[in-house]
Amino acid sequence: MAPWTRLALVPLVAQAVLVSPMPDADPDTVELNRRDAAEGYNSPPFYPTPHSGWESDWTAAYEKAQQVVGNMTLAEKVNLTTGTGFYMGPCVGQTGSALRFGIPNLCLQDSPLGIRNSDHNTAFPAGITVGATFNKNLMYARGRALGEESRGKGVNVQLGPVVCPLGRKPRGGRGWEGFGTDPTLQAFGAAYTIKGMQSTGTIATIKHFIGYEQEMYRMSTVLTKGYSSNIDDRTLHELYLWPFAEGVRAGVGSLMTAYNSINSSAASQNSKLINGILKDELGFQGFVMSDWLGQYAGVASALAGLDMAMPGDGAVPLFGDSYWASELSRSVLNGSVPVGRLNDMVTRIVAAWYKMGQDKDHPLPNFSTNTLDKTGPLYPGALFSPSGIVNQFVNVQANHNVTARAVAREAITLLKNEDDILPLRRNDSLKIFGTDAGANPDGLNSCSDQGCDKGVLTMGWGSGTSRLPYLITPQEAIANITKNAQFYITDSFPSDVTAGANDIAVVFINADSGENYITVEGNPGDRTVAGLYAWHNGDNLVKAAAEKFSNVVVVYHTVGPVIMEEWINLESVKAVLVAHLPGQEAGDSLTDVLFGDYSPSGHMPYTIPRSESDYPASVGLINQPFGQIQDTFTEGLYVDYRYFMKANIAPRYPFGHGLSYTTFNISSPTLTQVTALDSAYPPAAPPNGPTPVYNDAIPAASEVAWSSTKFTRIWRYLYPYLDNPESITASGDYPYPDGYSTTPKPRARAGGGQGGNPALFDVSFSVNIEVKNTGSRRGKAVAQLYVELPSSLGLDTPQLQLRQFEKTKELAPGQSETLTLTVTRKDLSVWDVEVQDWKAPVNGEGVKLWIGNSVADLPIVCTIGEGCSSQ
Ligand SMILES: *[C@@H]1O[C@H](CO)[C@@H](O)[C@H](O)[C@H]1NC(C)=O
Ligand SMILES: *[C@@H]1O[C@H](CO)[C@@H](O)[C@H](O)[C@H]1NC(C)=O
Ligand SMILES: *[C@@H]1O[C@H](CO)[C@@H](O)[C@H](O)[C@H]1NC(C)=O
Ligand SMILES: *[C@@H]1O[C@H](CO)[C@@H](O)[C@H](O)[C@H]1NC(C)=O
Ligand SMILES: *[C@@H]1O[C@H](CO)[C@@H](O)[C@H](O)[C@H]1NC(C)=O
Ligand SMILES: *[C@@H]1O[C@H](CO)[C@@H](O)[C@H](O)[C@H]1NC(C)=O
Ligand SMILES: *[C@@H]1O[C@H](CO)[C@@H](O)[C@H](O)[C@H]1NC(C)=O
Ligand SMILES: *[C@@H]1O[C@H](CO)[C@@H](O)[C@H](O)[C@H]1NC(C)=O
Ligand SMILES: *[C@@H]1O[C@H](CO)[C@@H](O)[C@H](O)[C@H]1NC(C)=O
């Protein structure tokens with residue numbers, strides 16, 4: 001999402017004025033784009049929106065919500081569906097309120113790694129760093145800490161985690177916000193984050209739904225519409241939807257749509273995706289919000305299943321114009337949006353609020369995302385605004401720096417370590433190079449939304465960031481440990497450096513990217529100029545050091561895949577550590593590993609290629625001169641390692657790779673069948689239970705009359721009220737789209753629970769393994785399980801797919817731990833597009849489960865029905 005900072009406001013408005021509103025009469029926008037749409041890719045209509053509240057985990061919350069919504073006026077209902085406008089309150093977005101029922105303006109706030117634009121918060125490691133830990137406990141702990149901080153600041157809805165982008169495009173700007181380029185890694189990252197966050201009473205938001213893999217051309221302007229991601233049904237289910245399904249299964253309370261279109265139908269009004277796949281097939285019980293300015297129509301988005309418009313503004317922000325707010329009131333009074341649809345929107349929102357216990361002692365916002373000052377305008381977006389105390393500087397950090405450091409440390413991935421050059425000894429003579437080891441010379445947080453690459457790279461840029469409360473740089477942390485380090489905080493190799501025979505050069509380089517509303521060093525979010533190379537001539541810095549020193553250690557802070565070919569095989573480049581995006585604990589987490597207090601235990605959450613041409617051409621950044629950009633996902637399931645294996649391309653470092661200072665041996669695999677897979681398709685789930693029933697008659701127009709209120713309106717603030725609403729009459733004249741219906745459809749065959757048919761998540765098999773530390777140092781091992789599906793399924797399927805992983809505790813030399821790796825029915829299934837259900841090999845026949853240290857190092861194999869062997 002992209003709530004722009006005030007600094008970025010001018011370009012934002014300029015961009016927004018160019019937005020061409022899509023006519024309401026064109027709900028799925030297929031018509032508008034037929035000329036441009038990619039052949040064969042369209043999005044079929046799916047109406048009406050399935051109602052929620054039938055899932056047993058949510059029953060109590062829906063019962064409470066029903067009592068409240070049943071008594072609400074139209075104005076109260078509309079209030080909760082629509083933001084009050086850009087800069088119209090303390091948070092990046094807030095709804096209107098329904099104070100008669102104790103429901104305040106709900107505060108929605110970035111980001112997935114910490115509270116954005118605030119103070120006394122923790123700046124956690126980014127999603128990609130979390131993925132690299134392969135540690136479920138840390139995923140949960142970080143989610144919980146994030147939720148505690150949100151709650152402490154009075155946030156109701158935190159805008160994370162991110163599982164889309166999936167990282168399909170190596171140059172894409174926001175892949176680092178998610179957990180890695182594999183749906184299972186993303187799924188575990190999201191599910192544990194959500195569970196942790198929501199255990200504190202903060203509503204989590206899984207985003208961005210869906211097909212959002214590139215920054216450029218994501219939004220609509222007069223010149224072109226946001227690009228269309230054209231995705232076939234099987235690829236959608238097996239790759240991009242997979243982590244969303246697991247997020248829904250984890251009980252996520254809200255979901256954010258993407259900016260782009262899918263099959264030429266905008267994500268925020270794509271009825272097939274929101275009504276059909278999300279709310280019917282995946283049984284989503286929470287509410288769906290638009291991304292900031294990613295709503296493109298009023299009635300159409302309501303009918304397609306959108307529940308909340310954020311930040312509420314219409315095509316032209318900041319002028320008090322909205323697709324919803326008073327226009328939603330009008331759409332209900334004129335009969336275009338059925339009252340039942342509005343009731344479902346509001347019930348979903350209120351139920352999520354009750355589900356997380358926000359009716360009890362949830363603090364009101366005590367911070368402002370708009371300013372760091374103590375006092376200021378309460379509604380900075382208004383021309384005239386009352387002022388008051390907006391920041392109470394509540395310290396919400398507790399001991400979260402411990403979790404932040406643990407995540408950053410456990411993510412550090414050792415790619416290479418010749419001659420055991422690492423760990424460093426405290427008496428080694430060190431020469432440290434690169435601005436990436438130091439501080440931002442312009443000052444901490446001097447670049448708005450981290451929109452620059454200065455000093456150590458702690459996170460990418462954009463809305464998915466937070467301010468750093470403090471930063472321990474690698475330079476500070478190293479200097480704190482050893483007196484034998486000399487620092488050259490420069491990116492051009494100094495000519496006057498002398499290299500002693502035993503000196504070790506440690507070279508810090510980085511690669512940055514971010515969100516499209518900020519361009520950094522020519523890169524508009526995506527890495528257009530930088531490509532997959534290090535920034536600031538970092539590759540040259542490594543080469544220069546390697547020429548002079550015979551021992552070089554490279555530390556790489558990066559948002560995603562980078563090419564190391566210019567130096568990786570140089571004789572003196574002995575070791576490479578990828579430290580990902582570590583957040584505020586950049587320095588100490590690194591020295592923990594560099595000096596051997598901990599062995600590295602991170603694993604690559606994506607592949608390191610040898611060349612950009614190793615990827616299929618279809619995952620390059622895309623532009624086209626006329627019409628809506630059509631980005632057709634022709635590589636299908638073959639993203640990242642799935643493609644490298646299919647094309648038989650050896651990567652530089654495979655997905656999942658990561659070394660340690662010690663060694664591990666995996667042995668004694670035993671395979672157990674848990675739930676029999678005695679049918680290809682899962683047994684059907686029972687029909688969905690009942691959902692709240694309301695009086696769905698059109699309410700009295702007086703409920704939204706300005707004359708019924710007593711307060712003075714704030715100019716540009718978004719309200720539900722209308723002048724003279726009595727003049728509005730209901731008519732059947734609305735040009736509903738083809739396929740529009742108010743008659744509920746039978747439930748999708750694959751549905752029946754949160755995330756889909758509960759039988760999909762029955763554990764089919766489990767494998768026990770023994771992991772032994774066979775080396776001489778303490779360390780943690782990660783066991784990764786990949787499935788190989790049999791050709792009997794009759795579909796071209798990636799050779800290996802990660803479906804499970806576990807990490808050991810820290811094992812002393814000689815110590816062992818038994819790990820249990822489970823796979824579900826869904827893990828062994830393919831999406832059958834004809835039957836519209838998940839299809840598994842009966843009894844698991846022909847399935848192989850491979851276990852090991854990376855996708856290219858799998859010493860254990862268990863063949864269903866035959867047993868396991870180890871190499
Ligand atoms: C997009 O079009 C493809 C190709 O026809 C189809 O398989 C898929 O289901 C469509 N997806 C959506 C969300 O409409
Ligand atoms: C209105 O609220 C009262 C008190 O909570 C409740 O008993 C009643 O059922 C509610 N009415 C509707 C229509 O939900
Ligand atoms: C709608 O929300 C606004 C605050 O955003 C509040 O002033 C107004 O009273 C609310 N309306 C109703 C009917 O509760
Ligand atoms: C009802 O109002 C909405 C919002 O202004 C508008 O888009 C829609 O066309 C109207 N419907 C009719 C039938 O006039
Ligand atoms: C701000 O947060 C603190 C601590 O969470 C809480 O005690 C206080 O009530 C909050 N402020 C407001 C205005 O709710
Ligand atoms: C972490 O936070 C604790 C408690 O606030 C503090 O005592 C400690 O110094 C912090 N650690 C670092 C490295 O800043
Ligand atoms: C550095 O310390 C180690 C012991 O930790 C010792 O064996 C080695 O000789 C020392 N090297 C130098 C150069 O002092
Ligand atoms: C410096 O080292 C001491 C002792 O190991 C440690 O307690 C402290 O947190 C370190 N400070 C920084 C800034 O790394
Ligand atoms: C490692 O495990 C294999 C069995 O998987 C066994 O044959 C081998 O001896 C073990 N090696 C060590 C060093 O324990």
Side-chain angles (χ1 to χ4, degrees), residues 28-30 33 37-46 53 62-73 76-77 98 100-102 209-211 228-241 244 257-258 260-278 280-282 304-305 339 343 346-347 350 354 359 401-402 405 408-409 426 439 470-483 485 584-592 594-595 597 630-634 636-637 692-697 699 739 748 750 831-834 836:
D28 274 335
T29 69
V30 171
N33 296 295
E39 189 90 41
Y41 289 89
N42 49 49
S43 215
F46 190 109
Y62 268 87
E63 280 171 0
K64 290 182 199 165
Q66 183 175 4
Q67 298 293 302
V68 162
V69 178
N71 280 301
M72 277 186 180
T73 62
E76 286 162 337
K77 290 176 187 175
R100 277 203 305 146
F101 306 97
F209 193 62
I210 198 168
S228 174
S229 293
N230 303 317
I231 313 177
D232 69 82
D233 192 36
R234 182 172 171 223
T235 299
L236 185 85
H237 278 84
E238 293 186 24
L239 219 55
Y240 298 95
L241 190 65
F244 284 101
T257 56
N260 52 278
S261 294
I262 299 90
N263 290 7
S264 293
S265 171
S268 55
Q269 58 190 81
N270 184 314
S271 66
K272 167 72 178 165
L273 279 165
I274 308 176
N275 287 341
I277 290 179
L278 179 67
D280 182 41
E281 187 183 317
L282 297 189
V339 177
N343 285 338
V346 182
T347 310
V350 176
Y354 275 119
D359 54 319
N401 58 2
V402 176
R405 180 165 167 178
R409 176 204 303 138
R426 281 164 164 78
Y470 61 80
L471 170 62
I472 296 172
T473 63
Q475 179 181 15
E476 287 165 320
I478 292 168
N480 192 35
I481 284 195
T482 172
K483 297 280 166 285
Q584 68 184 39
E585 302 298 327
D588 286 335
S589 58
L590 182 70
T591 50
D592 281 347
L594 264 186
F595 291 94
D597 298 332
Q630 298 297 323
D631 190 357
T632 301
F633 290 29
T634 51
L637 297 168
V693 176
Y694 298 102
N695 173 0
D696 283 347
W831 178 249
D832 184 329
V833 298
E834 299 300 326
Q836 289 287 295

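This is a predicted model, so every value here is computed, not measured. Ligands are counted one by one from 1 in listed order, and the atoms in each one are counted from 1 as well.
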task = Applying side chain to side chain contact (heavy atoms under 4.5 Å, CB included), run through Phe633 and Leu239 and close with a yes or a no.
result = CA-CA 11 Å; Phe633 290 29; Leu239 219 55; over 6 Å; no
remark   = In chain-and-number order, ligand 1 lies under 4.0 Å from a heavy atom of each of Gly40, Tyr41, Asn42, Ser43, Pro44, Ile231, Asp232, Asp233, Asn263, Lys272, Leu273
message = Residue-level breakdown please: for Asp588 versus ligand 8, do any non-hydrogen atoms fall below 4.0 Å on the side chain, on the backbone, on both, or on neither?
response = side chain
task = Please say whether Glu476 places an N or O atom under 3.5 Å from an N or O atom belonging to ligand 8.
result = no
message = Quick check on contacts: which atoms of ligand 2 are under 4.0 angstrom from a heavy atom of Gln66?
response = 14 (O)
task = List every atom of ligand 2 that sits less than 4.0 Å from any heavy atom of Asn71, numbering the atoms from 1 in the order shown and giving each element.
result = 1 (C), 2 (O), 3 (C), 8 (C), 10 (C), 11 (N), 12 (C)
For the student: nearest non-hydrogen atoms of Ala485 and Ile478, plus distance = CB-CG2, 3.9 Å
key: Verdict with reasoning, Tyr694 to Thr347, per side chain to side chain contact (heavy atoms under 4.5 Å, CB included)   = CA-CA 11 Å; Tyr694 298 102; Thr347 310; 2.8 Å; yes
key: Note, Ile231 side chain near Tyr41 side chain (heavy atom, < 4.5 Å)   = no
inquiry  = If we check side chain to side chain contact (heavy atoms under 4.5 Å, CB included) with Leu273, which of these qualifies: Leu278, Leu236, Thr257?
reply    = Leu236
task = Calculate, to the nearest 0.5 Å, the distance between atoms OH and CD belonging to Tyr470 and Glu476 respectively.
result = 11.5 Å
inquiry  = Holding to salt bridge (Lys or Arg N to Asp or Glu O under 4.0 Å), I want the full list of residues that pass it with Glu238, two or more places apart in sequence or in another chain.
reply    = Arg234
request  = Return the orientation label for the Trp831 and His237 ring planes: parallel under 30°, perpendicular over 60°, tilted otherwise.
outcome  = parallel
